[in-house]
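Comments concern the structure below.
Letters A, B, ... are given to chains in the order of the sequence lines, protein chains preceding strands, and every chain is numbered from 1.
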2 protein chains.
Amino acid sequence: MPFKEMARLNKLIHEPARLAIMSALAACTMAEFLFLQELTGLTKGNLSCHLSKLEKAGYIAIDKKFVRKKIPHTTIRITPEGKMAIEQYWKQLDHIREVTKQWEKN
Amino acid sequence: MPFKEMARLNKLIHEPARLAIMSALAACTMAEFLFLQELTGLTKGNLSCHLSKLEKAGYIAIDKKFVRKKIPHTTIRITPEGKMAIEQYWKQLDHIREVTKQWEKN
DNA sequence: TTAAACTAGTTTGTATTATAAACCAAAAGA
DNA sequence: TCTTTTGGTTTATAATACAAACTAGTTTAA
């Protein structure tokens, strides 16, 4: 029965904003804060919060530099664990959908 | 750019527990409360809350009967709007993933 | 026959969370 | 010099998921 599995998807990745962030990073490998904001359409505050959660989970690494020692410049890259996590997420979702289709046929 | 769209998925359906409920109902057309609970593995309270939200949105219809005028017996069925909503959801998700793949190739 | 336990749920409370508003330090512009 | 802009972070709020507690009735057991 696929529905229990569905009800217990990795919520850290499943949440739409973070799914967008992780998908973008899976494609880019790394991106700057403002670029990521543009890609996802999130507000800065919102993006910042979601990034913190993803970092805490070890899915991304955040690198803060200061251009000419002054202007903050934040680069985000996906970690191997993050890459695995999102690949696993899609795989699981596809699997669940496949099983659901089978289940429908009885 | 697919990521904005991803960050704005229909959250009412996207939420894992409700995605499970809607998927099960899409397959069954109708189901009893306890059967749905078994399928999804949710607690009664939790299931009850999610069902209320889905009903409020017009995605499901809840029918409460009393067996021999005594024992409550709740049947839930998916409405045409609900059916459309979940089909639309999967379609949109597939589309987003497809565009993401294209986007990766540049 | 009356208390205990079960059935089929609903309501209430709590803890988490997503989100935006307010904030900050530095730099650039007027 | 004062204001605005840049690149974010922190704080506050509003929504939400979730489970614990409850309800109203029924069956079982003593």
Protein within reach of the bases, or only the backbone? For nucleotides 15-22 of chain C, mark each nucleotide 5' to 3' as B, S or -, using heavy atoms under 4.0 Å. --SSBBB-
Using rotation axes that map the C1' atoms of four end pairs onto the next four (five pairs an end), what angle separates the end axes of the helix from C:dT1-D:dA30 to C:dA30-D:dT1, to 10°? 20°
Rounding to an integer number of Å, can you tell me how far B:His73 NE2 sits from C:dG9 C1'? 12 Å
Can you check whether B:Leu25's main-chain N or O pairs, donor with acceptor, with B:Thr29's side chain at less than 3.5 Å? no
For B:Ile96, does its backbone N or O pair with a side-chain atom of B:Thr100 as donor and acceptor, under 3.5 Å? yes
To the nearest Å, give me how far apart NE2 (B:His14) and C1' (D:dA15) are. 16 Å
Please report, rounded to the nearest Å, how far the P atom of C:dA8 is from the CD1 atom of B:Ile62. 17 Å
Report the relative orientation of the aromatic rings in A:Trp103 and A:Phe3; use parallel for angles under 30°, tilted for 30 to 60°, perpendicular for over 60°. perpendicular
Within this structure, what is the CG-NE2 distance for the pair B:Leu19 and B:His14, rounded to the nearest 0.5 Å? 8.0 Å
Charged N to carboxylate O below 4.0 Å: is that the case for B:Glu15 and A:Lys11? yes
Are OP1 or OP2 of D:dG8 and a side-chain N or O of A:Ser48 less than 4.0 angstrom apart? no
Separation of A:Leu36 atom CG from D:dG8 atom P, in whole Å? 11 Å
Any side-chain heavy atom of A:Thr40 sitting closer than 4.5 Å to one from A:Phe35? no
Return the value, rounded to whole Å, for the distance between atom CD of A:Glu32 and atom P of D:dT6. 15 Å
Is the backbone N or O of A:Tyr59 less than 3.5 Å from a side-chain atom of A:Thr79, with the two atoms forming a donor-acceptor pair by type? yes
What does A:Thr74 touch in the nucleic acid at a heavy-atom separation under 4.0 angstrom: a base, only the sugar-phosphate, or nothing? sugar-phosphate
Taking the side chain as every heavy atom from C-beta outward, state whether B:Met6 and A:Ser23 have any pair of such atoms under 4.5 Å apart. yes
Is there a donor-acceptor contact under 3.5 Å from the side chain of A:Lys83 to the main chain of A:Ile78? no
Whole angstrom is fine here: how far is it from CD1 in A:Ile76 over to C1' in D:dG8? 10 Å
Provide, to the nearest angstrom, the distance between the CZ atom belonging to A:Phe35 and the C1' atom belonging to D:dG8. 18 Å
Find the distance B:Leu19:CG to D:dA17:P and express it as a whole number of Å. 13 Å
Quick one: label B:Leu47 by what it contacts on the DNA or RNA (base, sugar-phosphate, nothing), any heavy atom closer than 4.0 Å. nothing
